[in-house]
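Please read these numbers as outputs of a predicted model, since none were measured by experiment. In this chain, numbering begins with 1 at the start of the sequence shown.
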Amino acid sequence: MFLPNAKLRDAFSEPACEKNQGKDAKTRKVGCSKPLTPGAAAGGCAFDGAKIALQPITDVAHLIHAPLACEGNSWDNRGATSSGSALWRTSFTTDLTELDVVMGQGERKLFKAIREISQAYAPAAIFVYSTCVTGLIGDDIDAVCKHAAAKFGLPVVPINAPGFVGSKNLGNKLAGEALLDHVIGTAEPDDAGPCDINIIGEFNLSGEFWQVKPLLDRLGIRVRACIPGDARYLDIACAHRARAAMMVCSTALINLARKMEERWDIPFFEGSFYGITATSQALRNIADLLVRKGADPALVDRTEALIAQEEALAWKKLAAYRPRLEGKRVLLNTGGVKSWSLVDALMEIGIEIVGTSVKKSTVEDKERIRQTLKEENQIFESMAPRELYAMLSQRKADIMLSGGRTQFVALKAKTPWLDINQERHHPYAGYDGMVELIRQIDLAIHNPIWRQVREPAPWDSHTALWDELTSITSAGTTDSARGKFPGNSKAAGQG
């Protein structure tokens with residue numbers, strides 16, 4: 001079933017989005033989507049965004065109602081990890097063909113796929129994603145999901161985010177709407193407590209949330225639901241009983257946090273677990289919110305004691321890296337929460353930030369960066385690969401931290417590079433994550449390969465000698481030139 005315009009308008013005009021609220025009334029009505037530049041890469045679509053936001057829910061079967069290419073393009077494209085079921089990494093698709101579309105077999109094929117998955121895998125739930133093709137031909141996935149849920153006795157959730165409705169970010173928000181409409185509040189926990197929290201917009205990339213959860217456990221704070229990283233369906237269904245929430249990636253699921261606060265009085269704040277100071281502040285904010293909601297006031301003192309202990313241990317580990325990295329220059333080519341949180345984290349160790357991108361950052365993110373860096377010219381919306389290459393080849397940065405798309409720009413400029421986006425293989429969150437990030441930067445910068453690749457190639461030195469010989473010959477000193485170039489009387493005489 002095609003998405004109603006009201007639902008799309010609601011996602012486009014998010015009240016909790018500071019960027020949206022900074023617009024005038026006329027501009028706000030247009031929405032948040034930007035027209036694509038002809039010839040430019042479009043980036044992810046709404047379906048891709050919805051799949052990214054929901055796939056890390058580990059015990060759910062994610063069924064793509066589409067031709068095979070839609071699932072093939074989006075399957076397992078992030079580094080999220082699970083401590084339990086691996087069902088979420090199993091690829092399910094209805095694999096619609098031209099014949100299915102022409103003969104109107106889409107809804108029947110979808111129902112059959114749901115039946116097969118429920119019988120073979122017994123998942124906690126099945127999420128069904130509409131796509132461009134099924135949205136255009138009018139398959140009513142809501143009706144099919146409702147019928148299948150009654151028939152097979154398990155939740156079957158429609159995710160109405162076909163790619164053509166907008167960007168990946170819109171898909172993130174539509175995924176949050178689906179959780180609000182069909183999942184959150186559908187179950188009641190039997191162990192709700194005064195120190196239950198939700199972590200929203202945390203994807204557990206490379207297992208980095210596991211660097212933070214033990215800290216919360218030591219404080220007696222229970223994560224009722226981490227949405228979506230390493231989540232279980234039942235956790236999210238009971239998420240409405242949390243007392244407070246932390247928003248990690250506001251650009252993705254800010255609408256989910258806001259509406260949970262409106263419906264169930266769950267206050268939230270935006271924070272980061274990147275960097276020592278940011279992690280400590282996040283723990284303080286969580287404790288303060290819980291105390292305001294009725295938790296034991298002693299929680300604040302326990303939090304301060306834990307912070308003091310962990311900070312001292314982290315700084316002791318980092319002390320060895322400071323003389324090796326102090327004054328090193330870093331270029332950040334990322335966005336969102338990392339555009340400001342990593343700036344603070346790296347400056348703590350004495351690293352200089354020569355620039356950071358803010359392409360996917362909110363107005364609040366940009367303001368945090370301005371307060372930290374002070375220099376406006378160190379902040380850029382986007383930088384073309386040619387400009388990145390020029391900056392790196394001129395040695396204005398000692399290392400670039402970015403996603404995989406720009407790694408080859410750094411390698412071509414013979415500059416160290418470190419992946420900090422979703423494909424990374426190391427966790428960088430929390431106190432231990434900060435130590436790991438600095439260790440990886442140190443390894444990258446001081447890798448001996450960079451000294452080797454920057455040396456002139458052997459043939460370049462021969463070319464320089466040949467150029468010198470040619471200039472001498474053209475000046476009329478052919479005989480002396482023949483004497484300088486070993487065995488070259490023939491070469492010099494015949495060119």
Between [Y] and [X], does any NZ, NE, NH1 or NH2 come within less than 4.0 Å of an OD or OE carboxylate oxygen?
| X | Y | answer |
| --- | --- | --- |
| Arg284 | Asp288 | no |
| Asp432 | Lys317 | yes |
| Glu262 | Arg258 | yes |
| Asp398 | Arg329 | yes |

Please examine the side chains of [Y] and [X], heavy atoms only from C-beta on, and report whether any two atoms are closer than 4.5 Å.
| X | Y | answer |
| --- | --- | --- |
| Pro189 | Arg224 | yes |
| Ile441 | Lys328 | no |
| Leu290 | Ile197 | yes |
| Leu306 | Arg218 | yes |
| Phe269 | Met247 | no |
| Phe209 | Val223 | yes |
| Ile307 | Thr303 | yes |
| Tyr431 | Leu313 | no |

Can you tell me if [X] and [Y] form a side-chain donor-acceptor pair at under 3.5 Å?
| X | Y | answer |
| --- | --- | --- |
| Ser83 | Arg232 | yes |
| Glu208 | Tyr274 | yes |
| Tyr233 | Thr58 | no |
| His62 | Tyr129 | yes |
| Asn255 | Lys259 | no |
| Ser280 | Glu311 | yes |

To the closest 0.5 Å, what do you measure between [atom1] ([X]) and [atom2] ([Y])?
| X | Y | atom1 | atom2 | value |
| --- | --- | --- | --- | --- |
| Glu310 | Leu215 | CD | CG | 5.5 Å |
| Asn333 | Met391 | CG | CE | 10.0 Å |
| Ser206 | His425 | OG | NE2 | 7.5 Å |
| Leu325 | Asp442 | CG | CG | 5.0 Å |
| Thr415 | Trp450 | OG1 | CH2 | 7.0 Å |
| Leu256 | Ile200 | CG | CD1 | 4.5 Å |

Backbone N/O of [Y] and side chain of [X]: donor-acceptor pair under 3.5 Å:
| X | Y | answer |
| --- | --- | --- |
| Glu202 | Asn204 | yes |
| Thr406 | Val409 | no |
| Glu348 | Ile276 | yes |
| Asn198 | Ala239 | yes |
| Thr131 | His65 | yes |
| Asp196 | Gly193 | yes |

Please test Val330 against Glu352 for side chain to side chain contact (heavy atoms under 4.5 Å, CB included), starting from the C-alpha separation and ending with a verdict. CA-CA 6 Å; Val330 171; Glu352 178 185 348; over 6 Å; no
Only one of Ile399, Leu388, Leu401 forms a side chain to side chain contact (heavy atoms under 4.5 Å, CB included) with Leu331, so which one is it? Leu388
Nearest atoms (heavy-atom pairs only) where [X] meets [Y]:
| X | Y | value |
| --- | --- | --- |
| Ala61 | Leu87 | N-CD2, 3.9 Å |
| Cys195 | Leu299 | SG-CD2, 4.4 Å |
| Ile141 | Val128 | CD1-O, 3.8 Å |
| Ala50 | Ile159 | CB-CG2, 4.0 Å |

Could you walk me through whether Lys213 and Asp230 satisfy the salt bridge (Lys or Arg N to Asp or Glu O under 4.0 Å) test, starting with their C-alpha distance in whole Å, then the side-chain angles of each, then the deciding distance to 0.1 Å, before giving a yes or no? CA-CA 12 Å; Lys213 189 175 182 299; Asp230 195 23; over 6 Å; no
Run Arg243 and Ile266 through side chain to side chain contact (heavy atoms under 4.5 Å, CB included) and show every step you take. CA-CA 6 Å; Arg243 296 299 182 91; Ile266 304 175; over 6 Å; no
Begin with the C-alpha distance, continue with both residues' side-chain angles, and end with the deciding distance and a verdict on side-chain hydrogen bond (donor to acceptor under 3.5 Å, both in side chains) for Asn169 and Lys173. CA-CA 7 Å; Asn169 181 250; Lys173 291 180 170 61; 2.9 Å; yes
Do the two ring centres, one from Phe92 and one from Tyr121, sit under 6.0 Å apart?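 Ring centres of Tyr121 and Phe92 closer than 6.0 Å.
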Evaluation steps, side chain to side chain contact (heavy atoms under 4.5 Å, CB included), between Tyr428 and Leu205: CA-CA 9 Å; Tyr428 298 143; Leu205 301 176; over 6 Å; no
As a quick check of understanding, evaluate salt bridge (Lys or Arg N to Asp or Glu O under 4.0 Å) for Asp265 and Lys293, giving each step before the final call. CA-CA 10 Å; Asp265 190 27; Lys293 292 290 290 184; 2.9 Å; yes
Under the side chain to side chain donor-acceptor pair (under 3.5 Å) test against Gln281, which residue among Asn285, Thr279, Thr277 passes?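 For Gln281, the side chain to side chain donor-acceptor pair (under 3.5 Å) check succeeds only for Asn285.
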Side chain to side chain contact (heavy atoms under 4.5 Å, CB included) between Ser402 and Asp419: does it pass, once the steps are laid out? CA-CA 5 Å; Ser402 71; Asp419 189 354; over 6 Å; no
